[in-house]
> 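Please find one structure pasted underneath; my questions will follow.
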Amino acid sequence: MFARPISAAFRATTRPSSSQFASRFIQPQSRLTPFAVRLLSTETKAAIDKAVESRPVVLFMKGTPETPQCGFSRASIQILGLQGVDPEKFAAFNVLEDEALRAGIKEYSEWPTIPQLYINKEFVGGCDIIVAMHQNGELAKLLEEKKVLVPAEGEAPK
Ligand SMILES: N[C@@H](CCC(=O)N[C@@H](CS)C(=O)NCC(=O)O)C(=O)O
Ligand code: FES
């Protein structure tokens, strides 16, 4: 399932009524507050939960696997391809299609940048981590363990 956009779902669920609108934006008590301001709405969180659960391997990226719009997303998708991730077990979500997703995923994962990789609903990391895990063999081990690779010829499908 490559590049199935969830922007429609986001648009449908994140438009607030005027009364909801104010409550989405909690003002910090002071400029020195140690706590981050929470912007992630329940609706956006639910939509991201759904995206993360949609397939075993999920990449939030800029652009699509066929046409990445950033080198970090391109490198990440290339590595998943090189590793032999089964397209049936993979979904990509284009954050450039939805501002709520682009902002929301950063808070959801507590990670400030795109791309972001999830495997079996667990956040793995961004591009640097994907590259490092690709180089040190950890990614191959993880993908094998989670049975998300295209079966080798002659191997029974998992
Ligand atoms: N070092 C990062 C590189 C990714 C990165 O720096 N992404 C930037 C530029 S594409 C980003 O997402 N900035 C925030 C944004 O564009 O919303 C990683 O390991 O993933
Ligand atoms: S879009 Fe400029 S570095 Fe990713």
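For ligands, and for the atoms within them, numbers begin at 1 and follow the listed sequence.
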> Heavy-atom contacts with G126 under 4.0 Å: which atoms of ligand 1 show up? List them by number with element.
19 (O), 20 (O)

> Anything under 30° is parallel, anything over 60° is perpendicular, the rest tilted; go ahead and classify Y118 against F60.
perpendicular

> Does P115, backbone or side chain, put an N or O under 3.5 Å from an N or O of ligand 1?
no

> How far is atom 2 (C) of ligand 1 from its nearest protein heavy atom, and which residue and atom is that?
T113 OG1, 4.0 Å

> How far does NZ of K146 sit from NZ of K89, to the nearest 0.5 angstrom?
13.0 Å

> Charged N to carboxylate O under 4.0 angstrom, D49 versus K45?
yes

> Considering K62, Q116, K106 one by one, which has a heavy atom nearer to atom 16 (O) of ligand 1 than any of the others?
K62

> Looking only at protein heavy atoms, identify the closest one to atom 1 (N) of ligand 1 and say how far it is in Å.
D128 OD2, 3.0 Å

> My understanding is that we take every heavy atom of each candidate and find the minimum distance to atom 7 (N) of ligand 1. Doing that for I105, V95, I114, L96, which one comes out nearest?
I114

> With a 6.0 Å cut-off (strictly less than), is the heavy-atom count around CD of E145, excluding the residue itself, greater than 12?
yes

> Quick one about N136 and E138 (side-chain donor to acceptor, distance below 3.5 Å, no hydrogens or angles considered), yes or no?
yes

> Applying a heavy-atom cut-off of 4.0 Å, say which part of C70 lies close to ligand 1: side chain, backbone, both or neither.
side chain

> Could you find the nearest protein heavy atom to atom 2 (Fe) of ligand 2 and give me its residue, atom name and distance?
C70 SG, 4.5 Å

> Which heavy atom of Q116 sits nearest to which heavy atom of S109, and what is that distance?
OE1-OG, 2.5 Å

> Identify, for atom 20 (O) of ligand 1, the protein heavy atom at the shortest distance, and state residue, atom and that distance.
C127 N, 2.7 Å

> Within the 3.5 Å criterion, strictly below it, is a donor on T44 or S41 matched to an acceptor on the partner's side chain?
yes

